[in-house]
Amino acid sequence: MKTFYLTTPIYYVNARPHLGHAYTTIVADAIARYKRLGGHRVALVTGTDEHGQKIERAALEAGVEPQKFVDTISAEFRSQWERLGLEYTHFERTTSAHHRKAVEKIFQAVQASGHIYKGHYRGRYCFHDEAFVTDTGEEAECPLCGRPTELVEEENYFFRLSAFEQPLLDYYQKHPAFIRPETRRNEVISFVKEGLRDLSISREKLKWGIPMPGVEGQVFYVWFDALTSYLSGVGYGHPGTGEEKFADCWPADLHLVGKEILRFHAVYWPAFLMAAKLPLPKAIFAHGWLIFEQDKMSKSKGNIVSADPLVDAVGIDGLRYYLMRNIVFGQDSTFSYAGLVQRFNSDLANDLGNLASRTLAMIGRYFKGSIPDPGPEAVQESREAAIIEAAGKTITEFQSKFDNFEFSRGLELVWRFISNLNKYLVETEPWVLAGKEDEASKARLATVLYTSAEALRITAVLLYPIIPTAMQKLWAQLGFPEPLENMRYANLAWGQLPLAQKTGQAEVIFPRLDKEKTIARLSAGTAIGKAVGTAAGKATDTATRTAAEPASKPQKGISMPPDATDFITIDDFSKVDLRAGEIKSAERIEGATRLLKLTVDIGAEVRQVLAGIAEHYQPEDLVGMKVVVVANLKPRKMRGLESQGMVVAASVGEEGKPVLVTFNQDVPNGSKLS
Ligand code: MSP
């Protein structure tokens, strides 16, 4: 089997590494680990893009030689990947000697096929995106970033991109999975259909680039240079074993890129490869942006967040989990400190952490730290049979979601399985069984704890690609001496946890965070740009608006005290069973604009509740939130779904905007309100 080869973009070194860069690399690392567990050999190439006008200008501004400048920032990227525990097989630098050889080689192949010619370029150029602005030549703003473009006029070498218009369209047609997601694929197809103009692939006035072989005074256009890293990163153009490695890796199975650089990858790159007679990558996936302070994180906008303080606060796995779980891969997503901490506490510390620590502590206490024998009862009781069935389904469906880049959906499925297990423990009450003397209770206790530990084994393997460090700890706590990374998904079938295996020390894997303190700490220390300025701007804005509002504005929605005849008695009130609950999942309902489908843990059970809040809450912001549930409301059906209760909300303003009632300190699920 060929090596599974995936890449991250090669990062520009005009900016220091930030969370936006880390995001792509974290996803790539998770996919690489996932593929390894699936039995693949994997090559993952990342690196730094170090040539071009904007790097040259940045070095000049910093007052250092370009080479020194790129050495420093490239090293920062490498140490950032190390700090984040990101594993790659090769870190490519475009200033390396072997990369230069690879660029020369592909250029010669393209030239040999007759697709290079000398011409005169006059047009506008965006130095920020290193992109030619096509069409009129008069356009002042870059269509990619909106910045002003500069007029460029010089003798250049051109690539006959126009000759590839139809071959590209045919290729997209024949390979529907080449560009993902679908919406981006359609954008690329429309762009190509509008017509492709030949592309200047050299620069005359620029010094900081790879010289074009056989041509005096021209260096390569930075994208021609940078895209070639995907080849040089796996041996193309290297003497010795390079070609062998290249044959094993190329074509790439997956290029992961941000949406703004898709055009370079899905149009220019396949055209260069076609011209050089090299096979095309199998897939390009364009992800969305991490939005912070309402805008894409970027140096010029000054809203950059560094990953370091986030890792200090929630650990590498906490950050990885948040990014993979909260963001629908392919879409833009708002990054928030509150969301980060909320996810950590509710999913990792509560759901997964509690399941692990309870199970292992009870095995320690009741079975002297030795995995109990489930006995024949394991398959007899319907509860265990349901868990075994759910495990099988989760294993299959998780992989199908992951294969389809639906990481957050895949994780949702695993968390549904974890919730079932927590519910199973609540219902089977092993702590009560442990207090009984009869043989049947002892056997039942062994069954329950085996089932729960075996389910944890499967969970640990499934979640390893996303939260590797924590799952390795759990693995060791379950008593496995071998590293978890050696496991394979093919060996996940139920019942492989060795009986009598000695469990390790039960330690808390995800210590709960103090929400307010953590958010305050993060807000004070994550920005590496001038994010604080943006935040302050907003605060002033609000202050001005508030001051301008009339003090005596009538407060709609608050009614007068009721007449005596309207009073209810305490007995009336006590008929309403109000419970504290925790939202475990929230999703939109197809065809319903206002309704969200929630599952809410109210202690003794998990309820499905429909709530008319879809216009005011994002489903992902609700998960983990503590709410108040009317637990004894008669169930009713809406849109074919049963609502088993109601969440309590204030109705605010003229439109009656719902604001969910919550608690200002943690309360156990199921607590009664009186
Ligand atoms: N050097 C080019 C890529 C050449 S690949 C042959 C480049 N570099 S970049 O450093 O500007 O961006 C690299 C990647 O980081 C892009 O995929 C980009 O989308 C991603 N991100 C940068 N900021 C981001 C966010 N705020 N959110 C998500 N990803 C972001 O382009």
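Counting convention: from 1, in listed order, for ligands and their atoms alike. None of the values given here were measured: they were computed from a predicted structure.
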Subject >> Single hit among Phe107, Phe159, Phe164 for ring-ring contact (aromatic ring centres under 6.0 Å, His included) with Phe272 >> reply: Phe159

**OP:** Could you check Tyr11, Tyr12, Trp289, Trp81 and say which one makes a ring-ring contact (aromatic ring centres under 6.0 Å, His included) with His21?
**Re:**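 Answer after filtering Tyr11, Tyr12, Trp289, Trp81: Tyr11.
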
Original post:
Considering distance alone, does some N or O of Glu260 sit under 3.5 Å from an N or O of ligand 1?
Top reply: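 Yes, at least one N or O pair falls under 3.5 Å.
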
Original post:
Is there a nitrogen or oxygen of Ile10 sitting under 3.5 Å from a nitrogen or oxygen of ligand 1?
Top reply: yes

Original post:
Is there a donor-acceptor contact under 3.5 Å from the side chain of Trp223 to the main chain of Ala131?
Top reply: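 Judged by distance alone, no pair lies under 3.5 Å.
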
Atoms in ligand 1 flagged as close to [X], the criterion being non-hydrogen separation under 4.0 Å:
X      : result
Gly288 : 28 (C)
Ile261 : 3 (C), 16 (C), 17 (O), 31 (O)
Val257 : 17 (O)
His21  : 10 (O), 15 (O)

**OP:** Pick whichever of His265, His128, His255, His18 has a heavy atom sitting closest to atom 23 (N) of ligand 1.
**Re:** His18

Original post:
Considering only heavy atoms, which of Ala226, Gly258, Gly20 lies nearest to atom 25 (C) of ligand 1?
Top reply: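 Looking at heavy atoms only, Gly20 sits closest to atom 25 (C) of ligand 1.
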
Original post:
Under 4.0 angstrom from ligand 1, any heavy atom of Ala15?
Top reply: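 Distance cut 4.0 Å: Ala15 fails for ligand 1.
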
Original post:
Out of curiosity, is Trp223 lining ligand 1, as in a heavy atom under 4.0 Å away?
Top reply: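 Yes; Trp223 lies near enough to ligand 1 that a heavy-atom distance drops under 4.0 Å.
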
Original post:
Between Phe224 and Phe220, how do the two ring planes meet: parallel, tilted or perpendicular, split at 30° and 60°?
Top reply: parallel

**OP:** Measure up the Trp250 and Phe246 rings against each other and bin them: parallel (under 30°), tilted (30 to 60°), perpendicular (over 60°).
**Re:**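 Parallel, since the angle between the ring planes stays under 30°.
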
Subject >> Check against salt bridge (charged side-chain N to carboxylate O under 4.0 Å, His left out), Glu150 and Arg57 >> reply: CA-CA 14 Å; Glu150 293 178 30; Arg57 287 181 181 183; 3.1 Å; yes

Considering only heavy atoms, does [X] approach ligand 1 within less than 4.0 Å through its side chain, its backbone, both, or neither?
X      : result
Tyr230 : side chain
His287 : side chain
Asp49  : side chain

Subject >> Within 45° cone and under 6.0 Å: Arg197 NZ/CZ vs Phe132 ring >> reply: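 No, Arg197 and Phe132 do not form such a contact.
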
**OP:** Determine, for Phe405 and Arg180, whether the Lys NZ or Arg CZ falls below 6.0 Å from the six-membered ring centre while staying within 45 degrees of the axis.
**Re:** no

Original post:
Is the closest basic N to carboxylate O distance between Glu243 and Lys105 below 4.0 Å?
Top reply: yes

